[in-house]
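Note sheet for the following structure.
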Amino acid sequence: MKYTQLGRTGLKVSRLVLGTMNFGPQTNEADSHAIMDAALDAGINLFDTANVYGWGENKGRTEEIIGNWFAKGGDRRDKVVLATKVYGNMAADGDAWPNHDKLSAVNIRRAVDASLKRLQTDHIDVYQFHHVDRATPFEEIWQAIDVLVQQGKILYVGSSNFPGYKIAQANEIAARRGGTIGLVSEQCLYNLAERRAEMEVIPAAQEYGLGVIPWSPLHGGLLGGVIKKEVEGGRRASGRAADSLANTTIRAQIQAYEDLLDKHGVEPGETALAWLLSRPGVTGPIVGPRTAEQLESAVRATEVELSEELLTGLDEIFPGPGPSPEAFAW
């Protein structure tokens with residue numbers, strides 16, 4: 001496994017991030033523990049979760065599964081860079097009591113303690129804001145974070161799904177306060193088929209020294225060889241991938257993508273991950289393997305070298321918006 005610094009920090013993290021969103025809803029606890037053990041064996045040390053994972057009446061369940069895994073010992077907690085998130089409504093019925101969601105100082109304090117209990121640990125390495133809170137000023141947010149850092153409950157802070165201007169605003173206010181490190185990472189939707197982050201989010205992250213952690217690197221399975229799987233194995237696409245393929249323009253684009261990769265003798269899923277790993281500013285994409293084979297494939301992507309000819313071909317099929325700010329004007 002290859003490692004890099006998380007943004008401008010001294011924290012070393014793996015070029016792949018283990019996503020845990022399926023732990024609980026789709027993957028039972030025993031299998032989840034086996035995947036985490038296999039991830040550690042493969043050298044993956046950055047694990048990503050969120051307080052709301054588990055969803056519905058089971059919100060918090062994913063953190064509990066991770067906590068039970070930590071409790072097995074064997075230096076599991078010491079080897080993991082643990083990242084979780086705050087913002088979501090934690091009420092099972094979706095009807096949150098006032099101040100039980102978003103980023104008020106009250107909820108941040110409450111949510112940290114609840115996550116620590118579920119995770120069975122005394123600190124969170126990277127505490128991430130899951131969404132922008134338009135009602136809470138960053139002065140209040142950073143004051144709450146400063147207290148938690150002083151208490152040793154969190155070490156670093158990241159954002160998720162932030163637009164570029166909010167990354168800038170958050171870190172400018174942090175700098176004015178003094179003594180606050182500000183955001184060190186941004187977790188955003190970014191892949192070959194969805195490149196809007198290149199317009200503002202990634203340039204802002206690079207300017208302010210944030211590591212970029214793309215989620216949905218295969219775009220809901222669309223970039224994982226979905227058409228080939230239909231033809232060869234009869235396995236039809238489902239969910240977002242199926243909805244996308246119903247659009248004839250998108251289906252033709254994905255067919256061109258798979259044809260190009262066949263020509264170069266490379267696997268779709270591994271190529272999509274390797275492309276992200278080649279992009280400026282990217283720390284590592286989040287992968288959510290459900291099997292040992294999927295994990296092995298993701299790890300192989302860290303060793304894949306994409307030729308200039310292949311990169312050019314990918315850009316032709318999935319053109320990005322172009323450099324910023326030119327992309328906005330011409």
Side-chain angles (χ1 to χ4, degrees), residues 1-4 12-50 53-55 58 61-84 119 187 191 213-230 232-241 258 261 265-277 283-305:
M1 179 56 59
K2 297 177 181 178
Y3 299 88
T4 188
K12 291 183 179 180
V13 295
S14 50
R15 294 300 315 274
L16 290 179
V17 181
L18 181 68
T20 64
M21 186 171 66
N22 292 326
F23 292 179
Q26 296 188 32
T27 307
N28 64 36
E29 182 161 339
D31 289 344
S32 299
H33 287 189
I35 289 171
M36 287 187 280
D37 282 333
L40 271 192
D41 288 343
I44 297 174
N45 74 336
L46 180 52
F47 288 17
D48 177 75
T49 191
Y53 289 172
W55 309 112
N58 294 312
R61 176 59 181 147
T62 302
E63 287 188 331
E64 291 176 350
I65 289 172
I66 297 170
N68 291 339
W69 181 72
F70 285 148
K72 291 182 175 181
D75 294 328
R76 285 176 171 82
R77 178 64 187 94
D78 289 342
K79 292 178 179 178
V80 168
V81 175
L82 175 63
T84 192
L119 290 163
Q187 190 177 127
N191 55 56
I213 303 173
W215 58 268
S216 194
L218 303 187
H219 208 51
L222 202 62
L223 300 172
V226 63
I227 296 177
K228 185 177 181 180
K229 290 174 183 176
E230 281 186 357
E232 293 184 351
R235 178 183 170 186
R236 299 191 62 81
S238 59
R240 187 169 65 186
E258 294 187 12
L261 302 191
V266 290
E267 292 297 320
E270 293 172 21
T271 300
L273 291 173
W275 181 84
L276 281 171
L277 289 166
T283 298
I286 297 174
V287 296
R290 293 188 296 274
T291 66
E293 291 75 19
Q294 289 175 346
L295 179 62
E296 291 169 2
S297 176
V299 172
R300 285 195 299 271
T302 64
E303 303 296 333
V304 172
E305 296 289 340

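The backbone N or O of N22 sits nowhere less than 3.5 Å from a side-chain atom of Q26 that would complete a donor-acceptor pair. Judged by distance alone, with hydrogens and angles left aside, the side-chain atoms of N28 form a donor-acceptor pair with the main-chain N or O of D31 at under 3.5 Å. Looking only at distances, a side-chain donor or acceptor of N45 sits under 3.5 Å from a matching main-chain atom of S14. Although no hydrogens or angles enter the test, the distance criterion places no donor-acceptor pair under 3.5 Å between the side chain of T27 and the main chain of S32. A side-chain donor-acceptor contact under 3.5 Å links Y3 to the backbone of G43. Here the side chain of H33 pairs a donor or acceptor atom with the backbone of I65 at under 3.5 angstrom.
Taking the charged nitrogens against the carboxylate oxygens, E29 and R61 do have a contact shorter than 4.0 Å, which makes a salt bridge.
Note that CZ of F47 and CD1 of I286 are 13.0 Å apart. Values are rounded to the nearest 0.5 Å. Of the inter-residue distances, the one linking M21 atom CE with T62 atom OG1 reads 9.0 Å to the nearest 0.5 angstrom.
Residues F70 and V80 form a side-chain contact, since some pair of their non-hydrogen atoms from C-beta on lies under 4.5 Å apart. At least one side-chain heavy atom of D37 sits less than 4.5 Å from a side-chain heavy atom of R76.
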(message) Test side chain to side chain contact (heavy atoms under 4.5 Å, CB included) on E258 and V226; report intermediate values, then the result.
(response) CA-CA 9 Å; E258 294 187 12; V226 63; 4.1 Å; yes
(request) Given side chain to side chain contact (heavy atoms under 4.5 Å, CB included), test I35 with L18 step by step and report yes or no. (result) CA-CA 9 Å; I35 289 171; L18 181 68; 4.1 Å; yes
(message) Go through it in stages, so that I can follow the logic: the residues are L218 and N191, the test is side chain to side chain contact (heavy atoms under 4.5 Å, CB included), and I'd like the CA-CA distance, side-chain angles, deciding distance and then a yes or no.
(response) CA-CA 7 Å; L218 303 187; N191 55 56; over 6 Å; no
(request) Determine, step by step, whether T84 and E63 satisfy the side chain to side chain donor-acceptor pair (under 3.5 Å) criterion, reporting the C-alpha distance in whole Å, the side-chain angles of both residues, the deciding distance to 0.1 Å, and the verdict. (result) CA-CA 8 Å; T84 192; E63 287 188 331; 2.7 Å; yes
(message) Before you tell me yes or no, could you show the steps for L119 and L82 under side chain to side chain contact (heavy atoms under 4.5 Å, CB included), namely the whole-Å CA-CA distance, both residues' side-chain angles and the distance that decides it to 0.1 Å?
(response) CA-CA 10 Å; L119 290 163; L82 175 63; 3.8 Å; yes
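Within 6.0 Å of NZ in K72 there are more than 12 heavy atoms belonging to other residues, nucleotides or ligands.
Ring centroids of F23 and W69 are separated by 6.0 Å or more, keeping the two rings apart.
Among E305, E267, E270, the single residue meeting the salt bridge (charged side-chain N to carboxylate O under 4.0 Å, His left out) criterion with R300 is E270.
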